[in-house]
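These numbers come from the heavy atoms of this one structure, side chains and all, not from hydrogens, waters or symmetry mates. Keep in mind that what you see is a predicted model, and the values were worked out from it rather than measured. Naming convention: chains lettered A, B, ... in sequence-line order (proteins, then strands); numbering from 1 in each chain.
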Protein chains: 2
Amino acid sequence: MSSRSVIPFRAILQGMEQPIINRSIRQLSPEKTEAILKGAMQEFLACGYAATSMDRVAATAGVSKATVYNHFQDKEGLFNALIEQLVHKKFRSIFSSIDDQTLQGDPTAALTQIANNVLDSGLGDAQYLNFIRLILGESGRFPDLARTFVRNVEVVSCQFLKQYLHEKAESLRLIDPEATGRIFIGALVHYIIVQEMLHGKDIMPMERDRLITSLIFHICPQRSPLSPSD
Amino acid sequence: MSSRSVIPFRAILQGMEQPIINRSIRQLSPEKTEAILKGAMQEFLACGYAATSMDRVAATAGVSKATVYNHFQDKEGLFNALIEQLVHKKFRSIFSSIDDQTLQGDPTAALTQIANNVLDSGLGDAQYLNFIRLILGESGRFPDLARTFVRNVEVVSCQFLKQYLHEKAESLRLIDPEATGRIFIGALVHYIIVQEMLHGKDIMPMERDRLITSLIFHICPQRSPLSPSD
DNA sequence: TATCTATACTACTCAGTTTAGTTTAGTTAT
DNA sequence: ATAACTAAACTAAACTGAGTAGTATAGATA
């Protein structure tokens, strides 16, 4: 996107072998880097890529604009670094809080907890919602960032479920645990997107427990005759 | 967003009852309106809201900038009109091409065709993908447009499936056709998002027929012993 | 006569650079 | 160890060159 040929800043030299002058090499302060990324997060998540200004990022970070450009090559570089950080640090493991005991027990209870974990990550957290919005909205202009997201969030989620369902495949009589896992995640993600991201709560309301109940009903083969509604 | 108090243009009066001055009122040419909307579509879908310039919209539409502002109040108004048009004209009925005969027959075949219709709408069409990207990406800044989308696309899809599954509820032994419909749509939409929108095809590949087969396997109660994979 | 075009304008914002001066931290000499 | 020195990280501010939304004007067109 930016196409200029300028002598690269010190920031780009990170990781390159230093020449001769090793006398008093101070690093760019990690505190500033963190502050800039924090400011960038606030701005990019709130305004999107195009509508975010580097002046405002610097102001929000409490740092001069020149410092921003000492730490990051340009707007695109800062954006890339931010998304990469968010994907790796914040939004990776939705399943870490699921204890092994639940996983070993009744599949209905385990799947309920997994579903609730997925929904909790997206239903309350406005920051998470804005992050997904940003990734989806910019996935056309930043395909590599989208792929990073897929590798670190989607793949992890689906692998986790695939593994779990594979273990239970016989007792649940599943023929394709991987596809079942995708259906499970997909139904939940779509619910989050429609209800919260697209503000569809009031237009097409549905209790989250109702969706989870149905989801588990369709995955676990025993079909009880009691019908909750409709 | 734009906060100026200007005497409204003729464009805003569209649909309002005209006052007294009906003396030789030529309308703003509908051809120009269409051309502007077409240009706006190209630009907004390709660049997003913030990165689209009104100069470029006018140029793409083959129309002067002043004409754009005669037909639409401002950038936001044009964007609103565009999304509204797209939602209503282009991306409303995914199910129109499903014939009644299929719907009356074997549920497995019917659901397969419905699933294929949903996937076809999103897997090939780059324009459709960009449209969804735009809606999702701007859903935070344009909540009303997001709601319009929900009302006209999500609700229609889910209602259609709810209705169909409600009729088959007994034979398929469904306890909550509406929730089942959501799961069905959700799994397909999530598949489109991950594979196409987020460029996950090569990272976590999955044949579309495999997903559809599993989906129908989970909805239709008869569980065949033959397993296609894994 | 009203819609259109072309063009230029206003007032502003933007990404990124530069300049001049301040702070900070590592090195060296005392 | 402490003080002096020095180079780099920083700040504030101005600046460049380009682009922005939206308006205004004068003339072409139908």
Side-chain angles (χ1 to χ4, degrees), chain A residues 1-14 18-36 39-40 43-44 47-80, chain B residues 1-14 18 21-36 39-40 43-44 47-80:
Chain A
M1 283 180 170
S2 77
S3 56
R4 289 168 304 98
S5 54
V6 181
I7 291 156
F9 288 86
R10 203 158 300 262
I12 327 175
L13 297 174
Q14 281 181 342
Q18 315 264 28
I20 308 101
I21 327 106
N22 52 346
R23 202 162 77 82
S24 83
I25 7 92
R26 272 168 66 201
Q27 298 289 343
L28 294 171
S29 98
E31 291 86 4
K32 298 282 173 186
T33 307
E34 260 329 292
I36 294 165
E43 294 298 321
F44 280 124
C47 309
Y49 178 77
T52 289
S53 91
M54 295 296 270
D55 289 76
R56 226 166 39 237
V57 167
T60 305
V63 138
S64 80
K65 199 175 162 185
T67 298
V68 174
Y69 280 96
N70 272 350
H71 284 251
F72 299 94
Q73 193 174 17
D74 52 21
K75 189 181 181 182
E76 216 180 300
L78 174 57
F79 186 64
N80 275 283
Chain B
M1 283 181 171
S2 76
S3 56
R4 290 169 303 101
S5 54
V6 182
I7 292 156
F9 289 85
R10 205 160 298 260
I12 329 173
L13 299 174
Q14 280 182 345
Q18 314 265 28
I21 327 107
N22 50 350
R23 200 164 71 82
S24 82
I25 5 93
R26 269 169 68 201
Q27 298 291 340
L28 296 171
S29 97
E31 291 85 5
K32 299 283 173 185
T33 308
E34 262 326 294
I36 294 165
E43 293 298 321
F44 280 123
C47 310
Y49 179 78
T52 289
S53 91
M54 295 295 270
D55 289 75
R56 226 166 39 236
V57 167
T60 305
V63 140
S64 81
K65 201 174 160 186
T67 299
V68 174
Y69 280 94
N70 273 350
H71 285 250
F72 300 94
Q73 193 176 17
D74 53 20
K75 189 182 181 181
E76 216 180 302
L78 174 57
F79 186 64
N80 275 283

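- The cationic group of K75(B) does not satisfy the cation-pi geometry with F44(B), failing either the under 6.0 Å distance to the six-membered ring centre or the 45° limit from the ring axis.
- Computed from coordinates, the Y69(A) OH to dT19(C) P distance equals 18 Å when rounded to whole Å.
- Applying the salt bridge (Lys or Arg N to Asp or Glu O under 4.0 Å) definition to pairs two or more places apart or across chains, those involving residues 59-71 of chain A are D55(A)-K65(A).
- One atom, CG of D74(B), and another, C1' of dT20(D), lie 14 Å apart when rounded to the nearest Å.
- Distance Q73(B) CD to dA21(D) C1': 13 Å, rounded to the nearest Å.
- In terms of the side-chain contact (heavy atoms from CB on, under 4.5 Å) criterion, residue partners of T33(A) (sequence neighbours excluded) are, by chain and number, L37(A), H71(A), F72(A).
- One interatomic measurement links the two molecules: CD of E76(B) to C1' of dT20(D), which rounds to 16 Å at whole-angstrom precision.
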Between protein and nucleic acid, restricted to nucleotides 11-14 of chain C and to nitrogen or oxygen atoms under 3.5 Å apart, what atom pairs and distances do you find?
unit_1: dC14(C); atom_1: OP1; unit_2: R56(A); atom_2: NH1; d: 3.4

Might you list the N or O atoms of the protein lying below 3.5 Å from N or O atoms in nucleotides 4-7 of chain C, with each pair's distance?
unit_1: dC4(C); atom_1: OP1; unit_2: S29(B); atom_2: N; d: 3.2
unit_1: dC4(C); atom_1: OP1; unit_2: S29(B); atom_2: OG; d: 3.4
unit_1: dC4(C); atom_1: OP1; unit_2: H71(B); atom_2: NE2; d: 3.4
unit_1: dC4(C); atom_1: OP2; unit_2: H71(B); atom_2: NE2; d: 3.1
unit_1: dT5(C); atom_1: OP1; unit_2: K32(B); atom_2: NZ; d: 3.1
unit_1: dT5(C); atom_1: OP2; unit_2: S64(B); atom_2: N; d: 3.3
unit_1: dT5(C); atom_1: OP2; unit_2: S64(B); atom_2: OG; d: 3.3
unit_1: dT5(C); atom_1: OP2; unit_2: T67(B); atom_2: OG1; d: 2.2

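- Take A51(B) and apply the side-chain contact (heavy atoms from CB on, under 4.5 Å) test, not counting sequence neighbours, and it matches A50(A), C47(B).
- Rounded to whole Å, the distance from CD on E31(A) to P on dA9(D) is 14 Å.
- Between T52(B) and V57(B), the shortest heavy-atom contact is CG2-CG2, 3.6 Å.
- Distance check: L78(B) CG to Q73(B) CD gives 11.5 Å after rounding to the nearest 0.5 Å.
- How far CG of N70(A) is from OG of S29(A): 11.0 Å, rounded to the nearest 0.5 Å.
- The interatomic distance linking L78(B) (CG) with dG22(D) (P) rounds to 10 Å, in whole Å.
- For T60(B), the side-chain hydrogen bond (donor to acceptor under 3.5 Å, both in side chains) partners are E43(B), not counting sequence neighbours.
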